Amino acid sequence: MFSEIAQYFRTEALPHIWCPGCGIGTITAAIVRSIKTLQLDQNNVVIVSGIGCSSRMPGYLDFNTLHTTHGRALAFATGIKASRPELDVFVIMGDGDASAIGGNHFIHAARRNIDLTAIIINNSIYGMTGGQSSPMTPHDKRATTSPYGNLERPFQILDVAKAAGATYGARATAFHNQLLTKLIVNAYNNPGFSVVETISQCPVSYGRRNKFKTPADMLMWQKEHAVMIGQKEAVGEDFSIGEIFKSEAPEYTGEYAKLRQRLKGE
Amino acid sequence: MFSEIAQYFRTEALPHIWCPGCGIGTITAAIVRSIKTLQLDQNNVVIVSGIGCSSRMPGYLDFNTLHTTHGRALAFATGIKASRPELDVFVIMGDGDASAIGGNHFIHAARRNIDLTAIIINNSIYGMTGGQSSPMTPHDKRATTSPYGNLERPFQILDVAKAAGATYGARATAFHNQLLTKLIVNAYNNPGFSVVETISQCPVSYGRRNKFKTPADMLMWQKEHAVMIGQKEAVGEDFSIGEIFKSEAPEYTGEYAKLRQRLKGE
Amino acid sequence: MVSHSSKIIVNQDWCKKCGICVAFCPKKVLGSDELGRVVIVEPEQCIACKICERLCPDFAINIEVNKDE
Amino acid sequence: MVSHSSKIIVNQDWCKKCGICVAFCPKKVLGSDELGRVVIVEPEQCIACKICERLCPDFAINIEVNKDE
Amino acid sequence: MSKARLMQGNEACAEGALAAGVKFYAGYPITPSTEIAEIMAEKLPLIGGTFIQMEDEIGSMAAIIGASLTGAKALTATSGPGFSLKQENLGYAIATEVPCVLVNVQRAGPSTGLPTSPAQADVMQARWGTHGDHPIIALCPSSVQECYELTVKAFNFAEEFRQPVIMLMDEVVGHLREKVELPDAVEVVERKKPSVSPDEYIPYANNESMIPAMANFGDGYRYHVTGLTHGENGLPTGKPAVAEKYLERLTRKLDPYLDRIQLYEEILLEDAELIVVAYGGPARSALEAVHAARSEGLNVGFFRPITIWPFPQEALEKYAGRQFLVPEMNSGQLVGEIERVVGRRQVQRLNRIDGELITPDQILQRIREVMTHVQ
Amino acid sequence: MSKARLMQGNEACAEGALAAGVKFYAGYPITPSTEIAEIMAEKLPLIGGTFIQMEDEIGSMAAIIGASLTGAKALTATSGPGFSLKQENLGYAIATEVPCVLVNVQRAGPSTGLPTSPAQADVMQARWGTHGDHPIIALCPSSVQECYELTVKAFNFAEEFRQPVIMLMDEVVGHLREKVELPDAVEVVERKKPSVSPDEYIPYANNESMIPAMANFGDGYRYHVTGLTHGENGLPTGKPAVAEKYLERLTRKLDPYLDRIQLYEEILLEDAELIVVAYGGPARSALEAVHAARSEGLNVGFFRPITIWPFPQEALEKYAGRQFLVPEMNSGQLVGEIERVVGRRQVQRLNRIDGELITPDQILQRIREVMTHVQ
Amino acid sequence: MAKQQFIFSGTGGQGLILAAIMLADAAVLAGQNVVQSQSYGPEARGGASKAEVIISDEAINYPKVQRPDLVLSISQEAYKKYGLTLDEKAKLIVDDTYVPETKPRSRNFYSLPLTKVTRTEFGSEQSANVVALGAVAAISRQLSLEHVREAVRQRAPKGTTDRNLKALELGWQLGVGALNQA
Amino acid sequence: MAKQQFIFSGTGGQGLILAAIMLADAAVLAGQNVVQSQSYGPEARGGASKAEVIISDEAINYPKVQRPDLVLSISQEAYKKYGLTLDEKAKLIVDDTYVPETKPRSRNFYSLPLTKVTRTEFGSEQSANVVALGAVAAISRQLSLEHVREAVRQRAPKGTTDRNLKALELGWQLGVGALNQA
Ligand SMILES: Cc1ncc(C[n+]2csc(CCOP(=O)(O)OP(=O)(O)O)c2C)c(N)n1
Ligand SMILES: Cc1ncc(C[n+]2csc(CCOP(=O)(O)OP(=O)(O)O)c2C)c(N)n1
Ligand code: SF4
Ligand code: SF4
Ligand code: SF4
Ligand code: SF4
Ligand code: SF4
Ligand code: SF4
Ligand SMILES: [Mg+2]
Ligand SMILES: [Mg+2]
């Protein structure tokens with residue numbers, strides 16, 4: 001029932017602007033269910049986003065919400081968290097937002113291992129601007145700026161996150177939204193920089209151009225190509241879901257707090 | 001003999017501006033020796049850099065040289081290479097230049113696997129601006145903006161390069177400059193994005209603050225802490241040198257050339 | 001024995017007629033009318049699995065479950 | 001037998017007196033004068049290993065080798 | 001033979017670039033400019049050119065500069081937020097005198113603003129957006145036909161003057177479809193290559209033309225390019241005398257060519273007591289209003305700067321003493337320059353900032369008001 | 001008790017920030033502003049504040065906005081190239097009305113230019129550097145003492161008006177060491193917090209003061225912040241009427257407070273036939289020249305805008321009809337605004353762009369020339 | 001021919017912009033001056049969508065429709081916005097499926113089964129936009145079927161030409177029929 | 001006291017800026033107005049380096065040295081730039097090690113063994129800048145040793161106070177000695 005999570009929504013702002021069948025709405029509900037599961041104080045939650053279809057999410061959610069500039073969500077979030085570490089900060093980004101223009105803030109948030117929960121909504125495309133290829137568009141797929149098929153290779157964004165220093169990485173899909181809820185709970189509980197890549201469907205700007213007839217077809221693709229990590233290797237179009245990596249490292253705001261403490265001692 | 005490589009220098013611009021004992025000069029000579037070894041046509045070589053002490057290098061070299069804006073060298077180089085793939089393009093960056101402000105261009109050049117030879121001169125500091133910490137300053141070391149020791153963890157830049165899609169990664173030092181020459185030759189020969197991390201000494205902005213009395217002490221540190229890859233594991237302050245990784249993947253300009261060809265066919 | 005009775009409520013103001021719920025309902029409870037609107041075809045078949053509710057991108061379908069023990 | 005004779009040339013205009021060549025010469029061929037200038041102390045000890053030349057950041061030291069076979 | 005076609009402003013801009021010989025495009029999508037990138041992605045590989053979608057606008061600006069140094073005519077397109085991001089490297093292109101064309105299809109701001117609504121609020125940014133003193137050329141089309149023609153001109157100016165040129169469009173003309181008649185051939189200018197041997201080549205020569213010849217990377221003329229203040233040889237310098245020489249030339253290099261660069265349109269000015277100065281999309285509303293006012297017997301004229309920067313000061317100065325009305329889709333930008341030129345007291349402002357195209361009625365209304373005052 | 005100390009301009013700026021209550025600094029090093037970051041890195045953790053070195057200037061600007069939203073007074077500092085990069089997010093802070101202070105210690109440009117030499121070539125960029133219509137406050141100190149005092153004012157203006165404030169310094173004052181006397185206490189303004197309950201809170205209320213009360217993230221007032229054009233509730237809107245209301249308030253919010261914001265200094269103006277208008281470092285050369293001219297019996301006066309933007313137009317307007325001389329370390333920037341205000345024909349320019357501080361002799365020379373003409 | 005101003009209104013995804021472009025193309029083929037524009041925006045997704053065309057034999061300055069001569073509405077919302085208060089001198093065309101509720105007009109009103117005809121003919125609603133175009137073109141009486149046909153040929157996506165020409169025909173007939181009835 | 005203008009010149013890394021700051025500090029302690037500035041730049045690395053101080057009991061507007069009253073040069077290059085053409089009314093101090101070649105001056109010329117004394121006393125050249133400061137302060141006759149001493153105490157890096165005070169003393173004596181000789 002929506003009523004069970006309605007308290008976390010700005011219902012007056014609904015219905016949302018996303019296209020029919022767009023996965024972002026489904027993911028929004030899954031995220032909200034994670035926050036509900038975590039029983040976080042609504043006043044203490046901050047949701048930060050960049051620019052893109054995915055990044056319109058915070059506007060519908062009844063927390064402290066910040067819709068920033070394209071690609072910069074993590075840098076704003078870093079300011080929030082560094083200044084007031086007790087806040088629970090979630091960061092919502094599109095694949096383009098996070099990995100194209102926002103790539104640098106992404107690797108640096110990872111390097112600092114700052115305690116943010118980053119959710120990348122990967123619909124393989126720039127949705128908001130109408131379907132240009134993103135750094136996460138699969139090889140050979142069509143986009144308005146890849147009219148002959150994408151020549152480039154996509155990022156394996158969780159590999160990049162890990163190499164850069166993130167301490168938690170997981171993947172789910174709009175279809176596997178219960179898993180998503182669980183992974184976000186775990187990501188939040190990781191005391192460091194956590195990334196949850198969420199495969200979503202963009203029927204309008206990606207699906208139509210890539211032979212998906214309906215939104216349901218795209219969800220079906222997610223269902224069929226997702227492979228639970230540890231159970232089977234992901235080959236071809238398949239991809240792993242579940243917790244991809246987890247490790248421990250000093251967290252930025254904690255280190256800073258220790259420094260302040262140490263200086264007091266001196 | 002300098003005279004053996006003098007033809008590659010703009011000798012009228014010498015002596016250079018680097019401080020006494022700075023490793024950049026040593027590395028410059030090693031790079032030039034690589035180009036000499038490769039017998040590249042001097043008119044066909046382009047050297048691109050960003051901003052920083054290291055990035056002043058191209059001004060001394062007699063090639064097509066481009067000293068760009070801070071952090072953007074790879075983006076300029078991408079334009080050059082994509083527009084005229086037959087040019088031999090080397091990119092010189094400082095650690096800050098490449099990994100701080102330039103981090104995004106770095107991971108995207110890697111993702112595209114564009115055929116550039118990137119040389120990161122890692123002196124663990126922002127040299128040009130007088131010694132602020134960089135994303136490659138080791139944990140706990142001092143810098144003017146880390147007066148109490150660096151709280152952050154440094155990037156393992158070759159790990160990041162690899163995760164992002166680079167197909168060649170190697171490391172040497174100013175001390176191991178013959179190895180460096182060889183690695184740059186190999187990096188050039190790799191048909192894709194190649195990264196050579198070069199540990200350098202900045203006696204003025206890093207050494208003085210971190211208990212190195214003389215430039216020679218810093219070179220000695222390089223000598224003592226470098227471990228040849230495959231021979232021994234690098235623990236503590238030690239680091240590996242040699243070829244760290246190598247792989248194969250489609251190269252951007254090659255793919256683009258194929259596209260043009262394909263379209264002609266149609 | 002536990003029996004469920006469930007009520008399916010579609011918020012037509014929010015529904016965007018994407019067809020996802022219809023496609024994924026394992027029991028073919030849901031269907032579309034000629035204008036694409038979601039209609040409840042076989043209410044009694046509903047097993048309250050909530051797949052439709054959770055997959056609906058528009059928070060437009062609600063399954064009200066009455067647990068009778 | 002191969003014998004080397006080598007000539008050590010320091011370009012004082014470029015030398016910045018960093019002391020690297022002095023510190024790393026395996027044969028202690030090089031030294032510093034009181035103003036820090038590089039001086040050749042024991043020219044005959046030079047084995048033409050070129051460590052000094054290659055480590056010099058200022059291209060200021062040159063080893064000229066005459067191979068006599 | 002030219003043939004009439006229906007075309008969108010952004011499309012006409014892309015076609016103009018192709019006609020001018022563009023060979024390289026690097027960009028990052030942003031509404032309302034994206035169509036330009038999309039057309040380039042489709043067409044450039046067909047003609048042996050290169051399209052690359054970069055990771056951001058900063059990289060896009062960098063990449064076109066790099067490509068231009070290899071000899072390619074290079075283009076990028078963006079809108080407000082991206083235009084802000086390109087400023088640093090735009091300044092680099094200016095300082096190093098690398099030809100290129102940057103399209104800004106203006107949308108309503110500040111910040112993300114109203115991404116799909118028109119505005120003219122980057123007019124002053126086009127002049128002053130990058131740090132440091134610098135010259136700039138910015139052209140502003142009012143019709144789809146002009147999107148085509150001015151893009152050709154933009155490339156020609158860029159190549160002739162070794163100067164980045166800004167096509168300052170707005171969402172109105174960018175997204176408008178309109179009948180155009182494309183010429184079969186256009187005049188295309190190529191950059192001046194060195195006529196001397198590599199040994200004699202002075203890459204930043206202080207010659208009379210103020211515009212040094214430019215060699216391609218890879219063509220045997222090895223030289224240095226830097227954003228640092230540099231001497232004629234291209235190498236950085238800190239010497240005030242050398243710096244001054246360079247900066248004097250740089251900041252004044254367009255002066256000898258102003259009469260060719262400063263384009264404008266004049267309609268019904270001879271007996272005009274009130275001159276409506278308008279540009280871009282809103283100029284169309286203004287012209288409609290001027291005609292309507294004339295038909296009411298009001299002596300109103302129309303002046304349209306087509307080149308916004310360098311502002312056609314001399315052309316407008318001739319009319320000092322008359323009354324001016326300046327409708328803009330911003331809270332007053334170019335009007336400041338007009339006040340400077342013809343005197344503040346002579347100028348009336350008319351501004352609209354809600355993302356809607358200013359209407360002929362709004363302007364006519366103000367014309368009537370002003371004219372009653374005048375009489 | 002105040003005590004005399006020798007202090008550098010950048011240091012005084014940092015001390016001013018601390019006195020004003022700064023709690024957060026995010027930055028990226030760049031000459032000649034870096035000392036400010038270095039002092040912050042040392043001092044903020046000692047007072048429970050936070051210093052963070054970001055990956056670039058874009059991130060730095062973003063981070064201080066984020067921190068300010070949590071209630072911290074926030075500062076960043078940069079120079080030319082970094083100032084260009086900060087423009088997009090500066091516009092965001094303006095659009096969302098998040099208080100913060102951005103220091104730009106100007107160096108010679110364009111592009112990388114002469115990184116260690118002074119200039120005043122970002123004056124127009126400070127006004128127009130970000131896309132879209134927007135208000136701005138920029139303050140310009142001429143002495144080390146003023147670096148301190150104006151930084152305090154910058155924070156006070158930022159907090160009172162919910163407005164990013166630019167400290168537009170130059171390398172001359174930034175790196176100068178000078179005797180200062182710091183007060184024991186300064187007047188510190190805190191931002192207006194909501195006085196109503198969260199339910200009644202209207203985050204972007206169109207109230208009479210034009211400045212909505214601002215709640216901290218985390219304090220129970222949950223609201224939305226967006227760079228999209230938004231309504232009083234903070235939520236994005238595409239409705240022209242709502243957009244207009246917001247933009248009208250935003251672009252005019254400083255108007256009621258101009259008399260407090262527009263600071264300037266007037267010396268020897270009463271009988272001045274020629275007024276030298278100068279600001280920042282060069283104002284010191286100008287004042288020296290004015291005194292020298294007076295001692296030669298020339299009736300020369302001195303007007304120094306301390307607030308550069310909004311330009312103190314009314315204050316200068318009083319002197320319309322006199323002659324003006326405007327020395328600047330650029331190729332003519334603020335002079336355009338002065339020409340607009342007092343009439344182009346009354347104004348003489350004096351520019352220097354080689355990276356050296358303009359000298360009193362240069363100015364005196366021009367004063368003599370102009371005065372001979374006048375007489 | 002004096003200035004003729006058209007509004008095509010409905011919801012995003014209905015292909016109205018393409019229909020408007022085709023109309024504009026036809027006008028170019030007829031040697032007229034023409035401008036075509038639309039409202040964009042996230043609102044266009046599922047929300048209201050509008051495309052405009054102005055055709056004239058004189059130069060067209062102001063490019064937006066000020067007083068429409070013909071309005072097409074194929075959603076109730078669009079009807080409310082553009083049709084409800086339309087001057088009775090102007091023509092109003094609505095789709096009888098998606099605009100079930102209309103206010104009576106004394107003249108120039110055409111409630112046509114655009115969607116129904118499309119579904120019947122093609123089994124889906126695709127090409128309803130071109131059916132609508134046919135009706136608009138016929139009812140406007142400003143363009144020849146031949147010019148519109150050519151425009152459809154030019155703009156129809158690859159492989160859909162025949163279908164779209166058929167759709168145009170259907171719409172044109174609906175329009176002609178309606179005119180005859182009136 | 002009228003305006004007194006000082007130039008400290010040499011090469012980068014010699015600590016001249018710090019010496020100039022200490023002089024300026026001493027002037028503040030003496031209740032004077034003072035400004036201090038320097039030329040920065042990559043050139044400062046190994047290349048020429050210059051620091052300036054102006055002391056006055058009136059307000060100091062233009063902050064750069066126009067006509068120096070005292071120039072210190074501790075490199076040949078710096079001497080060439082600032083010492084060689086110096087007005088003979090102004091005082092010129094050079095280091096006899098690093099400025100071996102000088103043009104004869106009729107008065108106000110002091111070639112002092114600053115480096116040598118430092119090496120002899122401390123075994124290295126570190127603190128030569130403070131030795132130079134001592135000499136400058138003494139020869140300028142503008143400041144009391146006590147004020148300069150206090151300035152050195154304030155600015156000396158941790159753990160180097162004693163050494164620097166000793167260096168100051170040495171320099172002051174060199175200066176006083178030179179004045180007595182002159
Ligand atoms: C600086 C800047 N550049 C470009 C844009 C245009 N833009 C808006 S959203 C977007 C990409 C959206 O893609 P993604 O981040 O994947 O989000 P999605 O819409 O797919 O959810 C772009 C390029 C912008 N708003 N700002
Ligand atoms: C946009 C921009 N930001 C900051 C600077 C200032 N800056 C110049 S070089 C540099 C860092 C130098 O460090 P690194 O890249 O490691 O090079 P190094 O000097 O150590 O060789 C910085 C921050 C600049 N020039 N441009
Ligand atoms: S464009 Fe794609 S991502 Fe954006 S709302 Fe529509 S379907 Fe979703
Ligand atoms: S500051 Fe460091 S990196 Fe730069 S030239 Fe000096 S020693 Fe080398
Ligand atoms: S709850 Fe399950 S069975 Fe019931 S309608 Fe939804 S999907 Fe079908
Ligand atoms: S999934 Fe939701 S929006 Fe889609 S058709 Fe079903 S109820 Fe409507
Ligand atoms: S070549 Fe080798 S032995 Fe000879 S001086 Fe150099 S380092 Fe010493
Ligand atoms: S290494 Fe080179 S610069 Fe250093 S002292 Fe030796 S010769 Fe001089
Ligand atoms: Mg996306
Ligand atoms: Mg470095």
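Everything numeric in this text was worked out from a predicted model, so none of it was measured. Here is how names work: the chains are called A, B, and so on, in the same order as the sequence lines, proteins then strands, and each is numbered from 1.
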Between [options], which residue shows the highest count of heavy-atom pairs closer than 4.5 Å to chain B?
{"options": "E/Asn89, E/Leu235, E/Ile65", "result": "E/Asn89"}
{"options": "E/Ala62, E/Gly71, E/Pro198, E/Ala74", "result": "E/Ala62"}
{"options": "E/Ile64, E/Asp56, E/Thr70", "result": "E/Thr70"}
{"options": "E/Leu69, E/Thr96, E/Ile47, E/Leu228", "result": "E/Leu228"}
{"options": "E/Gly218, E/Ala26, E/Gly234", "result": "E/Gly218"}

Which bit of [X] comes within less than 4.5 Å of chain E, counting heavy atoms only: side chain, backbone, both or neither?
{"X": "B/Glu86", "value": "neither"}
{"X": "B/Tyr60", "value": "neither"}
{"X": "B/Arg262", "value": "neither"}

Note to self: For B/Arg84 and E/Asp219: C-alpha separation, side-chain torsions, deciding distance, then whether salt bridge (Lys or Arg N to Asp or Glu O under 4.0 Å) applies.
What the structure shows: CA-CA 11 Å; B/Arg84 203 155 164 176; E/Asp219 280 4; 2.7 Å; yes
Between [X] and [Y], which heavy-atom pair has the shortest distance, and what is it?
{"X": "B/Leu66", "Y": "E/Phe217", "answer": "CB-CE2, 4.0 Å"}
{"X": "E/Pro45", "Y": "B/Leu259", "answer": "CB-CD2, 4.0 Å"}
{"X": "B/Arg56", "Y": "E/Pro236", "answer": "NH2-CG, 3.7 Å"}

Notebook entry, point to check: Where does the angle between the aromatic ring planes of E/Tyr92 and B/Phe76 fall among parallel (under 30°), tilted (30 to 60°) and perpendicular (over 60°)?
Noted result: perpendicular
Considering residues, nucleotides and ligands other than [X], do more than 12 of their heavy atoms fall under 6.0 Å from its [atom1]?
{"X": "E/Lys86", "atom1": "NZ", "answer": "yes"}
{"X": "E/Lys239", "atom1": "NZ", "answer": "no"}
{"X": "E/Lys253", "atom1": "NZ", "answer": "yes"}
{"X": "B/Gln7", "atom1": "CD", "answer": "yes"}

Does the side chain of [X] reach to within under 4.5 Å of the side chain of [Y], using non-hydrogen atoms?
{"X": "B/Tyr256", "Y": "E/Thr50", "value": "yes"}
{"X": "B/Arg72", "Y": "E/Glu88", "value": "yes"}
{"X": "E/Lys23", "Y": "B/Ser83", "value": "no"}

Checklist line | Value rounded to 0.5 Å, distance of CG in B/Leu263 from CD in E/Glu42 | finding: 10.0 Å
Check: In Å and rounded to the nearest 0.5 Å, what is the CZ to CD distance from B/Arg111 to E/Glu55?
Finding: 7.5 Å
For chain E, which candidate among [options] shows the most heavy-atom pairs at distances under 4.5 Å?
{"options": "B/Ile51, B/Thr253, B/Asn44, B/Thr68", "result": "B/Thr68"}
{"options": "B/Lys264, B/Glu12, B/Lys81, B/Arg10", "result": "B/Arg10"}
{"options": "B/Asp41, B/Val45, B/Asn104, B/Val48", "result": "B/Asn104"}

Sort [X] into side chain, backbone, both or neither according to what part of it lies under 4.5 angstrom from a heavy atom of chain B.
{"X": "E/Phe51", "result": "both"}
{"X": "E/Leu46", "result": "both"}
{"X": "E/Phe24", "result": "side chain"}
{"X": "E/Ile52", "result": "both"}

Next item on the list: I would like to know whether E/Met54 and B/His108 meet side chain to side chain contact (heavy atoms under 4.5 Å, CB included); could you show each step before the answer?
Entry: CA-CA 8 Å; E/Met54 293 296 288; B/His108 283 270; over 6 Å; no
Notebook entry, point to check: For B/Asp62, does its backbone N or O pair with a side-chain atom of E/Arg222 as donor and acceptor, under 3.5 Å?
Noted result: yes
